[in-house]
Enquirer: 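Before I ask anything, let me first share the structure, which is written out below as structure tokens.
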Amino acid sequence: MRIVVAGGTGFIGRKLVRSLCERGDDVVILTRSSCNGHGSLHHEGLGARPACCRGSGKVELLPWTPDRPGDWQKLVDDADAIVNLAGAGIFDERWTRERKEVLRESRVRSTKLLAEAIARATKKPSVFVSGSATGYYGTHCGARTITEDDSTGTDFLARLAMEWEAAAEPAREAGVRVCHPRIGIVLGTDGGMLAKLLPLFRSYMGGPVGNGVQYIAWIHAADVVRVLEHAIDHESMSGPFNAVAPEPSTMNDFAHKLGKALGRPSSVRVPALAVKLALGEGSSAVLTGQRAVPRRLVAEGFAFLFPDLTSALADLVL
């Protein structure tokens, strides 16, 4: 298959590109970097080319402008699948009015431009996997179990996810299968929440964030890649589905199990006030969360490599 991946140099995208390449797919990565058509994989954080391309697939980096139309939109012609994981980091900076607009534009605008390009393509892809997040349900869900049937929330992240998914509508109207993986907290040692917590725990300074009773809808990085590939490969997958592990965890439980996996205490609680000072409005996503479960994936018969937190953390940190 020929698969175009936007956001292919990010935390999740790098892993997806490697996996697609290793299974024999040809991958075109859309990148903001100027690479004259053939960029360096090492420069983009993908490692040396042989490490990325252990299989028979080829990787090509091509420049794009996700905030405006351009010749890059012609790249969707003859692609078998398009995956869009582009978007500025939710917790990279404090949420100001300007930062929230960056978060919105980097997701909604890029998705709309890709969807419009798909709709205009002479030979359309069979599937458009357009990223989303469990933030769709809002950040004040309490302990109730959240499935794909639950309605959207009312806070900023919920509105953002709703607009993000709606931006893919031109592709759907053109008859292309569209998938929206609502991705939870992805666990990996080279990015995301776990990478930020590990130094604290290893320095005997780790513990729960906030009151600890909030739920974390998490997924191992290896499983999120397999979920994305499942969406590409299976015609039965369309619309939204929760890309999370089947056993959500409270923050207290997460901290306890991470400390146990590392052989470290987990009693140094991070006060809610410190999180609010660091993230502003964005702190609500850390201090509340959702108890989301992957009902659709389970019904599909998807087999998680790491369905429980203990096995996931053991694989990542031991």
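Keep in mind that this is a model prediction, so the values were computed, not measured. Residue numbers run from 1 in the order of the sequence given.
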Enquirer: Looking at Y136, I'd like to know if the NZ or CZ of R182 sits under 6.0 Å from its six-membered ring centre while staying within 45 degrees of the ring's axis.
Expert: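 Geometry flag: set, cation within 6.0 Å and 45°.
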Enquirer: Are W95 and F156 an aromatic pair by the rule of ring centers under 6.0 Å?
Expert: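 They qualify: ring centres under 6.0 Å apart.
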Enquirer: Between T31 and W64, do the side chains contain a donor N or O and an acceptor N or O under 3.5 Å apart?
Expert: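 No, because no side-chain N or O of W64 sits under 3.5 Å from a partner of the opposite role on T31.
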Enquirer: Using a 4.5 Å cut-off on heavy atoms from C-beta on, say whether the side chain of L313 contacts that of L318.
Expert: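 The answer is no; the side chains never approach within 4.5 Å.
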Enquirer: Output the distance between atom CZ (R14) and atom CG (L16), rounded to the nearest 0.5 Å.
Expert: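 Answer rounded to 0.5 Å: 12.0 Å.
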Enquirer: Quick check, are the ring centers of F304 and F306 under 6.0 angstrom apart?
Expert: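 So the answer is no for these two rings.
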Enquirer: Counting N and O atoms only, with roles assigned by atom type, does the side chain of R104 sit under 3.5 Å from a partner on the main chain of V102, one being a donor and the other an acceptor?
Expert: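 No, the answer is negative, given that no donor and acceptor are paired below the 3.5 Å cut-off.
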Enquirer: Pair up each side-chain donor or acceptor in residues 114-130 with any protein partner under 3.5 Å, not counting sequence neighbours, and list the distances.
Expert:
| from | atom 1 | to | atom 2 | distance (Å) |
| --- | --- | --- | --- | --- |
| K124 | NZ | A119 | O | 3.3 |
| K124 | NZ | A121 | O | 2.9 |
| S126 | OG | D80 | O | 2.9 |

Enquirer: Would L309 end up clustered with V293 when hydrophobic side chains under 4.5 Å apart are linked, directly or stepwise?
Expert: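 Result: no, two separate clusters.
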Enquirer: Please lay out, stage by stage, how L198 and V317 fare under the test side chain to side chain contact (heavy atoms under 4.5 Å, CB included).
Expert: CA-CA 9 Å; L198 281 175; V317 305; 3.7 Å; yes
Enquirer: Got a donor-acceptor contact below 3.5 angstrom from the R202 side chain to the L262 backbone?
Expert: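 Checked: no pair found.
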Enquirer: Are D223 and R226 ion-paired here, with the side-chain N under 4.0 Å from a carboxylate O?
Expert: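 Looking at D223 and R226, the cut-off is met.
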Enquirer: What I'd like to find out is whether the side chain of V28 reaches to under 4.5 Å of the side chain of V5, using heavy atoms alone.
Expert: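 Not in contact.
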Enquirer: Tell me if a side-chain donor or acceptor on N84 pairs with a main-chain N or O of A86 at a distance below 3.5 Å.
Expert: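 Flag set: sc N84 to bb A86 pair under 3.5 Å.
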Enquirer: Might you confirm whether atom CG of D92 has over 12 heavy atoms from other residues, nucleotides or ligands at distances under 6.0 Å?
Expert: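 Result for CG/D92: enclosed.
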Enquirer: Could you give me the CA-CA distance, side-chain angles and deciding distance for K15 and D190, then say whether salt bridge (Lys or Arg N to Asp or Glu O under 4.0 Å) is met?
Expert: CA-CA 11 Å; K15 296 173 176 57; D190 57 336; 2.8 Å; yes
Enquirer: Looking at K100 and E281, is there a salt bridge between them, counting it only when a charged N and a carboxylate O are closer than 4.0 Å?
Expert: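 Salt bridge present between E281 and K100.
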Enquirer: Identify whether L160 and Y137 are in the same connected component of the hydrophobic contact network (ILVMFWY, side-chain heavy atoms under 4.5 Å).
Expert: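 Unlinked, L160 and Y137 end up in two clusters.
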Enquirer: Are the side chain of S106 and the backbone N or O of L103 linked by a donor-acceptor pair below 3.5 Å?
Expert: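 Side chain of S106 to backbone of L103: a pair is present.
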Enquirer: For residues A255 and S266, report the shortest heavy-atom separation together with the two atoms involved.
Expert: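 Answer, listing the atom of A255 first, then S266: O-CB, 3.2 Å.
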Enquirer: For a side chain to side chain contact (heavy atoms under 4.5 Å, CB included) check, start with the C-alpha distance between S249 and Y215, then their side-chain angles and the critical distance, and finish with the verdict.
Expert: CA-CA 5 Å; S249 166; Y215 273 86; 5.8 Å; no
Enquirer: Taking the side chain as every heavy atom from C-beta outward, state whether R109 and P66 have any atom pair closer than 4.5 Å.
Expert: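 Not touching, per the 4.5 Å side-chain cut-off.
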Enquirer: Are the side chains of V213 and M251 in touch, meaning some heavy atoms are under 4.5 Å apart?
Expert: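 No - every pair of side-chain heavy atoms lies 4.5 Å or more apart.
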Enquirer: Starting at CZ of R264, measure out to CG of L200 and round the result to the nearest 0.5 Å.
Expert: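 Answer for the CZ-CG pair, R264 versus L200, is 12.5 Å.
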Enquirer: Between W164 (side chain only) and G131 (backbone N and O only), is there a donor and an acceptor less than 3.5 Å apart?
Expert: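 Side chain of W164 to backbone of G131, a donor-acceptor pair under 3.5 Å: yes, one is there.
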Enquirer: Return the CD1 to CD1 distance between I3 and I82, rounded to the nearest 0.5 Å.
Expert: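 Rounded to the nearest 0.5 Å, the CD1-CD1 separation comes to 9.0 Å.
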Enquirer: Can you measure from OG (S267) to CE (M205) and round to the nearest 0.5 angstrom?
Expert: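 So the gap between those two atoms works out to 9.5 Å.
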Enquirer: Got a sec: does the CD of E235 have more than 12 other heavy atoms crowding it under 6.0 Å?
Expert: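 Atom CD in E235 is not packed in, count stays at 12 or less.
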Enquirer: Side chain of N242, backbone of V244: donor and acceptor closer than 3.5 Å?
Expert: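 Not a single qualifying donor-acceptor pair exists.
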Enquirer: Between R296 and E148, is the closest basic N to carboxylate O distance under 4.0 Å?
Expert: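 Salt bridge absent between E148 and R296.
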Enquirer: Under 3.5 Å, is there a donor-acceptor pair between the side chain of R177 and the main chain of M237?
Expert: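 Side chain of R177 to backbone of M237, a donor-acceptor pair under 3.5 Å: yes, one is there.
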Enquirer: Output yes when a side-chain donor or acceptor of R269 lies under 3.5 Å from a complementary backbone atom of G210, and no otherwise.
Expert: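 Between the backbone of G210 and the side chain of R269 there is a qualifying donor-acceptor contact (under 3.5 Å).
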Enquirer: Within this structure, what is the CG-CH2 distance for the pair L194 and W218, rounded to the nearest 0.5 Å?
Expert: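 It comes to 11.0 Å.
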Enquirer: Is a donor from one side chain sitting under 3.5 angstrom from an acceptor on the other, for E300 and H234?
Expert: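 Looking only at side-chain atoms, H234 and E300 do not form any donor-acceptor pair under 3.5 Å.
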Enquirer: Starting from F11, can I reach V27 by hopping between I/L/V/M/F/W/Y residues whose side chains sit under 4.5 Å apart?
Expert: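 Cluster IDs for V27 and F11 match.
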Enquirer: Run the numbers on I219 and L187 for side chain to side chain contact (heavy atoms under 4.5 Å, CB included), then give the verdict.
Expert: CA-CA 6 Å; I219 185 169; L187 301 185; over 6 Å; no
Enquirer: Strictly below 4.0 Å, N to O, side chains only: are D149 and R295 in salt-bridge contact?
Expert: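 Here D149 pairs with R295 in a salt bridge, since their nearest N and O are under 4.0 Å apart.
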Enquirer: Sub-3.5 Å donor-acceptor pair from the side chain of D155 to the main-chain atoms of G138, do we have one?
Expert: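 No; zero donor-acceptor contacts below 3.5 Å.
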Enquirer: Side chains of T288 and Q214: donor-acceptor distance under 3.5 Å anywhere?
Expert: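 Per modelled atom types, T288 and Q214 side chains form no pair under 3.5 Å.
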Enquirer: Are the side chains of L30 and W72 in touch, meaning some heavy atoms are under 4.5 Å apart?
Expert: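 A side-chain contact exists here, since the closest heavy-atom pair is under 4.5 Å.
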Enquirer: In the structure I gave you, are the side-chain heavy atoms of V275 and V270 within less than 4.5 Å of one another anywhere?
Expert: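 Contact flag for V275/V270 side chains = yes.
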Enquirer: Decide whether I183 and I146 are clustered together by the hydrophobic rule: side chain heavy atoms of Ile, Leu, Val, Met, Phe, Trp, Tyr closer than 4.5 Å, transitively.
Expert: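 Not linked; separate clusters.
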Enquirer: Flag yes if I232 and I12 sit in one hydrophobic cluster, no otherwise; membership is Ile, Leu, Val, Met, Phe, Trp, Tyr, and two members link when side-chain heavy atoms are under 4.5 Å apart.
Expert: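 Yes: a chain of side-chain contacts under 4.5 Å links I232 to I12.
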Enquirer: Does K257 pair with D253 as a salt bridge, N-O distance under 4.0 Å?
Expert: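 Salt bridge: yes.
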Enquirer: Can you check whether I216 reaches P248 side chain to side chain, under 4.5 Å on heavy atoms?
Expert: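 The answer is no, as the side chains (C-beta and beyond) never meet within the 4.5 Å cut-off.
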Enquirer: Determine whether F241 and C179 make a side-chain contact, defined as any pair of heavy atoms from C-beta on separated by less than 4.5 Å.
Expert: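 Yes, side chains in contact.
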Enquirer: Of all the heavy-atom pairs spanning V178 and A168, show the shortest one and how long it is.
Expert: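 Residues V178 and A168, closest heavy atoms: CG1-CB, 4.0 Å.
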Enquirer: Give the intermediate values and the outcome of side chain to side chain contact (heavy atoms under 4.5 Å, CB included) for residues T139 and L157.
Expert: CA-CA 8 Å; T139 55; L157 283 181; 4.0 Å; yes
Enquirer: Under 3.5 Å, is there a donor-acceptor pair between the D308 and S311 side chains?
Expert: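 Yes.
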Enquirer: Salt bridge or not for R107 and E163, using N-O below 4.0 Å?
Expert: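 Between E163 and R107 there is no salt bridge, as every charged N stays at least 4.0 Å from the carboxylate O atoms.
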Enquirer: Going from CG on L20 to CZ on R2, what distance comes out if it is rounded to the nearest 0.5 angstrom?
Expert: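 Rounded to the nearest 0.5 Å, the CG-CZ separation comes to 13.5 Å.
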